[in-house]
Protein chains: 2
Amino acid sequence: MAEASDIRPGETAVSLPDAYHAGIYFIGRIHTPFKTRDDCPKNSAQSNAVGRVELDPRYLLGVKDLEQYSHIHLLYWMHEARRDLIQQVPAHLGRPRGTFALRSPVRPNPIVIATVELISIDGANLVVRNVDCLDGTPLVDIKPYFASVDSFPQARRP
Amino acid sequence: MAEASDIRPGETAVSLPDAYHAGIYFIGRIHTPFKTRDDCPKNSAQSNAVGRVELDPRYLLGVKDLEQYSHIHLLYWMHEARRDLIQQVPAHLGRPRGTFALRSPVRPNPIVIATVELISIDGANLVVRNVDCLDGTPLVDIKPYFASVDSFPQARRP
């Protein structure tokens, strides 16, 4: 994740709008074993780590029936990521790629989608496997994973 | 999608926080054949409709290399959805289910994830298949779909 000071040769920043168009509520926090960015796995598929999603108690009723799903989407907010880079040079690539062709947290709206395995639910706490984010990351949404609309094993990538 | 006036027996509303915790930029609009909610398919898997994603020109450089992916995630903002229902009674179910166990647009942060097939890119316009939202829906993000982290064909649901 880039700091405000952090721009590599070949990267491009844009001027963002003067005001936001909508607002986000943080609905909880994700607790993980990862205390620094260097500790974090590259993505959820490269993590077997178990974490705990702690939902704000006001939303407790919202998890009714969620235990019937084996996998869930977590949407979380990368609050430390800069938002103005529109082309980035990933270290593994070495040349510029568009922000919307990357899963980098650096993007105009720094929301990450991670699909994790749901292990158990106890009140407002969810135990999940495959977490990849920093301990304390703000949670934006939880959605059940539907293979019928979310799974495209044949999807092509470079 | 529920109107503010629209609450069914068995549904529960919560009191939302007094202020937002973060802000969203709308980065474009999604143009679809669907002019009313009744026109909209239930979800992207039940739609073969072709739509056009019109990106705000300031973000044009962000799609560089995206054409190498066959599928993309669109994140969009359901600006007409109420945000305070924490249990909802879907018509097909007839009893309350937690908001986080539903893909309903009615949720504290009304962001929808849709996976669509990318047909072509021309400047700041992307032609995609499987759109399911209202014409003019605000776009929040575009991400490449990675089968390695996004595809779980074995995921279990009720």
Side-chain angles (χ1 to χ4, degrees), chain A residues 12 14-17 20-27 43-45 58-59 61-66 68-71 73 75 77 79 83 86-87 96-103 107-109 111 113-115 138 140-158, chain B residues 12 14-17 20-27 43-45 58-59 61-66 68-71 73 75 77 79 83 86-87 96-103 107-109 111 113-115 138 140-158:
Chain A
T12 308
V14 292
S15 170
L16 292 169
Y20 297 124
H21 302 111
I24 288 281
Y25 300 115
F26 294 159
I27 62 166
N43 58 50
S44 54
R58 83 174 70 218
Y59 303 115
L61 295 176
V63 296
K64 176 177 156 53
D65 291 348
L66 187 62
Q68 301 182 42
Y69 295 86
S70 64
H71 291 72
H73 288 301
L75 274 65
W77 190 263
H79 57 297
R83 301 176 63 164
I86 201 63
Q87 290 200 351
R97 176 163 285 182
T99 288
F100 302 121
L102 292 168
R103 293 293 281 259
R107 50 207 316 120
N109 296 301
I111 297 170
I113 303 172
T115 306
V140 168
D141 202 4
I142 301 172
K143 297 181 192 292
Y145 185 95
F146 290 176
S148 56
V149 302
D150 296 315
S151 182
F152 294 86
Q154 81 289 11
R156 182 172 40 79
R157 57 174 293 187
Chain B
T12 308
V14 292
S15 170
L16 292 169
Y20 296 124
H21 302 110
I24 288 281
Y25 300 115
F26 294 159
I27 63 167
N43 58 50
S44 54
R58 82 173 70 216
Y59 303 115
L61 294 176
V63 296
K64 175 177 156 53
D65 291 348
L66 186 63
Q68 301 181 41
Y69 295 86
S70 63
H71 292 71
H73 287 302
L75 274 66
W77 189 263
H79 57 296
R83 300 175 64 164
I86 200 63
Q87 291 200 350
R97 175 163 286 180
T99 288
F100 303 122
L102 292 168
R103 293 292 281 260
R107 51 208 315 119
N109 296 301
I111 297 169
I113 304 173
T115 306
V140 169
D141 202 5
I142 301 170
K143 298 181 190 292
Y145 185 95
F146 291 175
S148 57
V149 302
D150 296 317
S151 183
F152 293 86
Q154 81 288 10
R156 183 172 39 81
R157 58 173 293 187

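Residue numbers start from 1 in every chain, and the chains themselves are labelled A, B, ... in the order their sequence lines are given, proteins ahead of strands. Both backbone and side-chain heavy atoms feed into the values below; hydrogens, waters and symmetry mates do not.
B:Ala147 approaches A:Pro153 most closely through the heavy-atom pair CB-O, 3.8 Å. The nearest pair of heavy atoms linking B:Ser151 to A:Ser151 is OG-OG, 2.8 Å.
Each of B:Leu102, B:Ile142, B:Leu66, B:Thr12 has some count of heavy-atom pairs under 4.5 Å with chain A, and the biggest count is that of B:Ile142.
Residues B:His21 and A:His79 are not in side-chain contact: their nearest non-hydrogen atoms beyond the backbone lie 4.5 Å or more apart. Residues B:Thr115 and A:Val149 are not in side-chain contact: their nearest non-hydrogen atoms beyond the backbone lie 4.5 Å or more apart. The shortest distance between side-chain heavy atoms of A:Gln154 and B:Ser70 does not fall below 4.5 Å. Between A:Leu16 and B:Tyr59, some side-chain heavy-atom pair lies under the 4.5 Å cut-off. Proximity of A:Ile24 to B:Tyr20: side-chain heavy atoms (C-beta onward) are nowhere separated by under 4.5 Å. Taking 4.5 Å as the limit, some side-chain heavy atom of A:Tyr25 sits within range of a side-chain heavy atom of B:Arg83.
With a 4.5 angstrom heavy-atom cutoff, A:Ser148 touches chain B via backbone and side-chain atoms both. For a residue to count as touching a neighbouring chain, one of its non-hydrogen atoms must lie under 4.5 Å from one of that chain's; by this rule A:Leu75 touches chain B with the side chain only. Contacts of A:Val14 with chain B are made by side-chain atoms alone, with heavy-atom separations under 4.5 Å and no backbone atom involved. When heavy atoms are compared at a cutoff of 4.5 Å, A:Leu61 approaches chain B by way of both its backbone and its side chain. Both the backbone and the side chain of A:Arg157 come within contact range of chain B, each with at least one heavy atom under 4.5 Å from a heavy atom of that chain.
Of the possible donor and acceptor atoms, one in the side chain of B:Arg58 sits under 3.5 Å from a partner among the backbone N and O of A:Ser15. A distance-only check finds no donor-acceptor pair linking the side chain of B:Asp65 to the backbone of A:Gly98 [under 3.5 Å]. In this structure a side-chain-to-backbone donor-acceptor pair under 3.5 Å is missing from B:Gln87 to A:Lys64.
Summarising the geometry, atom CD1 belonging to B:Ile27 is positioned 10.0 Å from atom OG1 belonging to A:Thr99; distances are rounded to the nearest 0.5 Å. Note: A:Asp141 CG to B:Phe100 CZ = 6.0 Å, rounded to the nearest 0.5 Å. Note: A:Ile111 CD1 to B:Ile113 CD1 = 9.5 Å, rounded to the nearest 0.5 Å.
Applying the ring pair (Phe, Tyr, Trp, His ring centres under 6.0 Å) criterion to A:Phe152, with sequence neighbours excluded, gives B:His71, B:Tyr145. The salt bridge (Lys or Arg N to Asp or Glu O under 4.0 Å) test applied to A:Asp150 returns B:Arg103, not counting sequence neighbours.
A cation-pi arrangement is absent between A:Arg156 and B:Tyr69, since the terminal nitrogen or guanidinium carbon is not both under 6.0 Å from the aromatic centre and inside a 45° cone about the axis.
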